[in-house]
Asks: 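The structure's right below; bear with me while I get my questions together.
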Amino acid sequence: SYMELAVVESYYASGALAIYRFTGKEVYLMADLDEMNKVKADTIDKWKAGTETPDNKWIGATKFAGTFNGQMYTISGIYLNTTAAGGGLFGEITATGVVKNLYIKDSLFKSTAGKVGSVAGISYGTISTVYSNADVISNQTMAGGIVGNMKDTASVDTCWYAGDMKLSTKNGKQAGGIVGYIDKGAANINVSIMDCLYTGNITFEASDATWALRIGGIVGGAHDYRVPTINLENCVSAGTITQSPSSANHLGVSAVYGGLDGAQATALNFVNVYAIKGCFVEERIYDKKVNGPKVTGTGLFKEKTDLQGVNGYQNTLLDFEDTWVAREGDVPALKAFTNEIGTVADLTGVEQNNWYNSSETVFGISSASALKSLATYTDATHKITFKDKTIYLLDDIEINKVEEGTLAAWKAGTGTLPTSWAPIGVGEAFNGTFDGNNHTISGLYGFKTGVHEKRGGLGLFTDTKETATIQNVSIANT
């Protein structure tokens, strides 16, 4: 019950004994909790406007060091309005703290001191499998849909933020749909954000053209203390970022990762990160202008239609077996949150492109989409060389339909031309064995302009290592 949860909170308020941090202890949510404040259709709007104040106000348990397991139940109706840094369901999660398996709905977390998020204001620990549509309001730094300030070796995985975040005044910066800001407590920074989805909206005011923001769909930004390592893997930024006025400064505002403070370099590692085109006026995954972090990989922009339904299954390298699910008319969602998924796309007979497994050495390809994904695996994002690995064609593959007159039209550049083939090996030269198994690849169309560049060739492959082998394959109608 909320009374029991309030007792947990009161332990923190006293701050008298270390045991009150629940070190080595587990707290289980045994039911949905919706009796703290009853929420009607217009309640949250009234809370935000200040025209209505609920009777029950949440303080936010601080320095939680145990495990809170929500068991996929829902907490709703939370109202937090704090003048202290560190606001959320938990004010602070310590390095041993774990919060997992929870829905947070129809709630408001508001701070005038910063470091605010729906799950935690500050986290040194682990946040896993949490869905939140709570609203977050801050007029100071470090606001996140899930966690405001992430520190040291903290991690966030399998989290989905679908709420509204509003940043007010000139100080309302460093904000992200999942994580607001990353910096250190005492240790080197090596944080991970994996399998996270942002479908909410961030609205911010910006009128000072000299003011550097740090706002992103997944992460707002990070400080460069002790050369931090930030790992973003299998994330989708499908929400919006709205600026008022829209013509003001855009520095450090990006679809995925906002920017970096300080003069040193950050190791920023992207693996399988996607963003919807048009989510912000500046179409960029991260802002290179903000002290240029050292980046491994990159994110990929996609049209929203390219991520909806079956397309999301075929056009990404997300793990649809265990973690993600394709949805009819919408972007992929996290499989854990069955209450929010909607209609699951019918994938009967559809081949997933995510056929690669680093622990295996032999692979089979039998479709055009799988062959295209081979090019994706060797692109600048993934840079897989396939060294000591063998890929077999299991069937003839037709990339584009070729009928009478098709090749003539392609050569003349007339009519509706297909998308140019993205060759295998653009990001990293192919270094394995490609065995066509006496099958044929047909219907390839490639078009390239400009000067020669490294790995800039055009063919089925753009670049291969000296130890690579390509054999037993026919190329036709191309």
Side-chain angles (χ1 to χ4, degrees), residues 44-45 47-48 87-88 104 107-112 114-121 130-150 156 159-182 193 196-208 211-222 232 235-260 273-287 290 299 301 304 331:
I44 303 297
D45 287 337
W47 288 357
K48 290 192 289 185
I104 300 173
S107 298
L108 175 64
F109 298 89
K110 183 177 182 180
S111 173
T112 59
K115 299 185 179 180
V116 59
S118 62
V119 180
V130 178
Y131 170 92
S132 172
N133 70 1
D135 285 11
V136 176
I137 297 177
S138 176
N139 64 0
Q140 278 293 338
T141 62
M142 305 186 195
I146 299 298
V147 56
N149 183 200
M150 192 175 181
V156 176
C159 288
W160 180 354
Y161 182 64
D164 289 330
M165 184 184 304
K166 183 177 180 181
L167 312 174
S168 303
T169 81
K170 181 177 177 178
N171 293 321
K173 58 182 179 178
Q174 299 169 346
I178 302 297
V179 177
Y181 196 70
I182 301 168
I193 299 120
C196 287
L197 173 63
Y198 165 61
T199 59
N201 181 56
I202 299 172
T203 303
F204 67 97
E205 300 172 3
S207 57
D208 186 343
W211 167 43
L213 303 152
R214 303 291 187 276
I215 298 173
I218 302 296
V219 178
L232 283 80
C235 293
V236 178
S237 178
T240 59
I241 302 174
T242 306
Q243 183 178 24
S244 177
S246 60
S247 60
N249 167 36
H250 300 158
L251 183 61
V253 184
S254 309
V256 173
Y257 176 90
L260 170 76
V273 176
Y274 305 92
I276 297 295
K277 288 185 177 181
C279 67
F280 182 63
V281 63
E282 294 278 2
E283 193 165 288
R284 59 191 172 209
I285 297 296
Y286 62 94
D287 191 356
V290 184
F301 273 107
K304 190 169 186 178
V331 300

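Just the heavy atoms: all of them, side chains too, but no hydrogens, waters or symmetry mates, feed the values below.
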Asks: Tell me if a side-chain donor or acceptor on Tyr198 pairs with a main-chain N or O of Gly200 at a distance below 3.5 Å.
Replies: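 Side chain of Tyr198 to backbone of Gly200: a pair is present.
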Asks: Roughly how far, to the nearest 0.5 Å, is SG of Cys279 from NZ of Lys304?
Replies: 11.0 Å
Asks: Using modelled atom types only, decide if a donor and an acceptor are shared between the side chain of Tyr161 and the backbone of Ala134 within a distance under 3.5 Å.
Replies: yes
Asks: Should Val119 and Val147 be marked as a side-chain contact (heavy atoms from CB on, under 4.5 Å) after you check the CA-CA gap, both sets of side-chain angles, and the distance that decides it?
Replies: CA-CA 6 Å; Val119 180; Val147 56; 5.8 Å; no
Asks: Any non-hydrogen side-chain atom of Met150 less than 4.5 Å from a side-chain atom of Ile193?
Replies: yes
Asks: Are the side chain of Ser254 and the backbone of Val256 linked by a donor-acceptor contact shorter than 3.5 Å?
Replies: no
Asks: Supply the atom-to-atom distance Ile137 CD1 to Ser111 OG, rounded to the nearest 0.5 angstrom.
Replies: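 Nearest 0.5 Å value for the CD1-OG distance: 11.0 Å.
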Asks: Have Asp164 and Thr203 got a donor and an acceptor in their side chains that come within less than 3.5 Å?
Replies: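 Absent: no donor and acceptor within the cut-off.
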Asks: Mind listing the closest non-hydrogen atom pair of Ser138 and Val116 along with its distance?
Replies: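 The pair with the smallest heavy-atom distance is CB-CG1, 3.8 Å.
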Asks: CD1/Ile178 to CD1/Ile146 distance, rounded to the nearest 0.5 angstrom?
Replies: 5.0 Å
Asks: Please name the pair of heavy atoms, one in Ser237 and one in Ala255, separated by the smallest distance, quoted to 0.1 Å.
Replies: OG-O, 2.7 Å
Asks: Could you walk me through whether Trp47 and Asp135 satisfy the side-chain contact (heavy atoms from CB on, under 4.5 Å) test, starting with their C-alpha distance in whole Å, then the side-chain angles of each, then the deciding distance to 0.1 Å, before giving a yes or no?
Replies: CA-CA 10 Å; Trp47 288 357; Asp135 285 11; over 6 Å; no
Asks: Taking all atoms of both residues into account, what is the closest heavy-atom pair of Ile218 and Cys196, and its distance?
Replies: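 Ile218 and Cys196 have their closest heavy atoms at CD1-O, 4.5 Å.
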Asks: Return the minimal non-hydrogen interatomic distance between Thr199 and Ala162, and the atom names on each side.
Replies: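 Taking Thr199 first and Ala162 second, the nearest heavy atoms are OG1-CB, 3.4 Å.
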Asks: Between Ile202 and Val253, does a side-chain contact (heavy atoms from CB on, under 4.5 Å) hold up when you go through it step by step?
Replies: CA-CA 11 Å; Ile202 299 172; Val253 184; over 6 Å; no
Asks: Rounded to the nearest 0.5 Å, how far does OG1 of Thr141 lie from CG of Asn149?
Replies: 8.0 Å
Asks: Taking all non-hydrogen atoms of both residues, which atom of Ala143 and which atom of Leu167 are closest, and how far apart?
Replies: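 Here Ala143 and Leu167 meet closest at CB-CD2, 4.0 Å.
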Asks: Between atom CG of Asn139 and atom OG1 of Thr112, what is the distance when rounded to the nearest 0.5 Å?
Replies: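 OG1 of Thr112 is found 6.0 Å from CG of Asn139.
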Asks: Is the number of heavy atoms from other residues, nucleotides or ligands within 6.0 Å of NZ (Lys48) greater than 12?
Replies: yes
Asks: State the SG-CG distance between Cys159 and Leu197, to the nearest 0.5 angstrom.
Replies: 10.5 Å
Asks: For Met165 and Ala175, which heavy atoms make the closest approach, and how far apart are they?
Replies: SD-CB, 3.9 Å
